[in-house]
Amino acid sequence: MERSWYVVHTYSGSEDKVKANIRQRIESMGMKDQIFTVVVPKEKVVEIKDGKRVEIERKVYPGYIYVEMILTDDSWYVVRNTPGVTGFIGFGNKPTPLTEKDVQGIMKLLGYGEQKPEDKITFKVGQKVRVIEGPFSGFNGTIDSISPEKHLVKIMLKIFGRDTSVELDFAQIEEA
């Protein structure tokens with residue numbers, strides 16, 4: 001039989017608890033040779049709270065986890081009957097495995113691929129942007145410099161008729 005990835009539906013908000021429960025059941029029921037990996041897809045997101053940059057982890061697909069396993073009646077039973085699991089995603093009565101392309105996309109999103117946070121930067125020097133958050137919200141400006149490692153940009157804004165350089169977080173601007 002072949003190892004494949006499956007999408008498991010859980011109660012929203014209990015993904016981490018379900019992951020821990022599945023791992024515990026793998027140990028107690030001797031399923032290490034059939035159930036291999038359990039993943040709760042999360043991404044690191046920078047939010048501005050009270051004027052400060054805060055990095056948080058956010059679930060990419062709330063209510064879903066990914067399980068790599070060999071699908072047998074026993075492995076299906078173990079995962080399906082774990083507390084918090086509402087079922088597998090699939091067509092018909094049996095779970096449908098994810099395609100290799102889907103798995104690679106998810107792993108890349110989760111940072112298991114070659115992608116670095118800097119790769120997600122879509123801003124360029126000279127680009128026109130609009131400030132969407134903070135004291136300069138509503139102002140338009142031009143990107144003067146980009147600091148990818150700090151997730152900051154310097155923008156030239158016209159304030160009282162003068163060009164003024166302002167440093168902002170990527171999350172505070174959008175394409176104009």
Side-chain angles (χ1 to χ4, degrees), residues 3-20 22-23 36-69 84 88-90 95-176:
R3 289 167 82 142
S4 295
W5 285 89
Y6 296 89
V7 180
V8 177
H9 189 261
T10 68
Y11 292 117
S12 192
S14 53
E15 300 87 353
D16 292 318
K17 190 174 184 180
V18 169
K19 176 181 175 179
I22 290 174
R23 284 192 169 156
F36 308 101
T37 313
V38 183
V39 175
V40 178
K42 295 179 181 180
E43 64 183 347
K44 289 187 192 272
V45 179
V46 176
E47 290 185 352
I48 309 295
K49 289 188 179 179
D50 299 326
K52 292 184 178 122
R53 251 175 114 247
V54 179
E55 195 173 276
I56 62 163
E57 256 191 356
R58 181 174 63 197
K59 291 180 184 86
V60 179
Y61 306 111
Y64 297 94
I65 63 172
Y66 294 89
V67 179
E68 182 187 23
M69 60 191 240
F88 278 83
I89 303 299
T96 304
L98 291 171
T99 65
E100 188 59 35
K101 184 179 177 186
D102 289 339
V103 172
Q104 286 176 355
I106 292 162
M107 291 304 159
K108 189 171 184 180
L109 176 75
L110 298 177
Y112 294 113
E114 308 268 326
Q115 186 180 24
K116 300 178 187 103
E118 294 86 69
D119 294 340
K120 294 183 180 180
I121 299 165
T122 57
F123 301 113
K124 294 177 178 58
V125 172
Q127 182 179 1
K128 302 273 187 215
V129 293
R130 180 179 309 107
V131 181
I132 56 171
E133 198 172 293
F136 301 105
S137 184
F139 281 81
N140 289 332
T142 307
I143 295 179
D144 194 38
S145 68
I146 300 173
S147 230
E149 62 286 344
K150 295 180 182 174
H151 289 268
L152 296 173
V153 291
K154 278 194 180 170
I155 300 177
M156 295 304 287
L157 299 176
K158 280 249 191 251
I159 301 176
F160 301 119
R162 291 183 172 204
D163 282 338
T164 307
S165 180
V166 177
E167 196 172 63
L168 299 170
D169 190 276
F170 291 163
Q172 293 179 282
I173 61 172
E174 69 181 8
E175 202 172 319

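Values below: every heavy atom of this structure, side chains too, minus hydrogens, waters and symmetry copies.
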S.K.: For the atom pair CD (E133) and CG (L168), what is the distance rounded to the nearest 0.5 Å?
M.R.: 10.0 Å
S.K.: Heavy-atom distance under 4.5 Å between the side chains of I65 and V39, does that happen here?
M.R.: no
S.K.: P97: what forms a side chain to side chain contact (heavy atoms under 4.5 Å, CB included) with it, not counting sequence neighbours?
M.R.: S4, Y6
S.K.: Given side chains that start at C-beta, do those of V103 and K101 come closer than 4.5 Å, heavy atoms only?
M.R.: no
S.K.: Under the side chain to side chain donor-acceptor pair (under 3.5 Å) definition, can you give me all pairs with a residue in residues 164-176, not counting sequence neighbours?
M.R.: R53-D169, R130-E174
S.K.: What closest approach, in Å, do G90 and T96 show between heavy atoms, and which atom pair accounts for it?
M.R.: CA-OG1, 3.1 Å
S.K.: Checking Y64 now: which residues fulfil ring pair (Phe, Tyr, Trp, His ring centres under 6.0 Å) with it, not counting sequence neighbours?
M.R.: H9
S.K.: For a quick test of reading the model, state the closest non-hydrogen atom pair linking K158 to F139 and the distance between them.
M.R.: O-CE2, 3.7 Å
S.K.: Would you find a donor on one side and an acceptor on the other, under 3.5 Å apart, between the side chain of T99 and the backbone of D102?
M.R.: yes
S.K.: Check K124 against Q127 and note the closest heavy-atom contact, atom names and distance.
M.R.: N-OE1, 2.9 Å
S.K.: Where do K59 and P62 come nearest, in terms of heavy atoms and distance?
M.R.: O-CD, 3.9 Å
S.K.: Can you find a heavy atom in the side chain of L152 that is under 4.5 Å from one in the side chain of F170?
M.R.: no
S.K.: Indicate the atoms forming the closest heavy-atom contact of E43 with V60, along with that distance.
M.R.: N-CG2, 3.8 Å
S.K.: Is any side-chain heavy atom of I89 closer than 4.5 Å to one of V8?
M.R.: no
S.K.: Taking the side chain as everything from C-beta on, heavy atoms only, tell me whether V18 gets closer than 4.5 Å to Y11.
M.R.: no
S.K.: Between NZ of K42 and CD1 of I56, what distance do you get to the nearest 0.5 Å?
M.R.: 11.5 Å
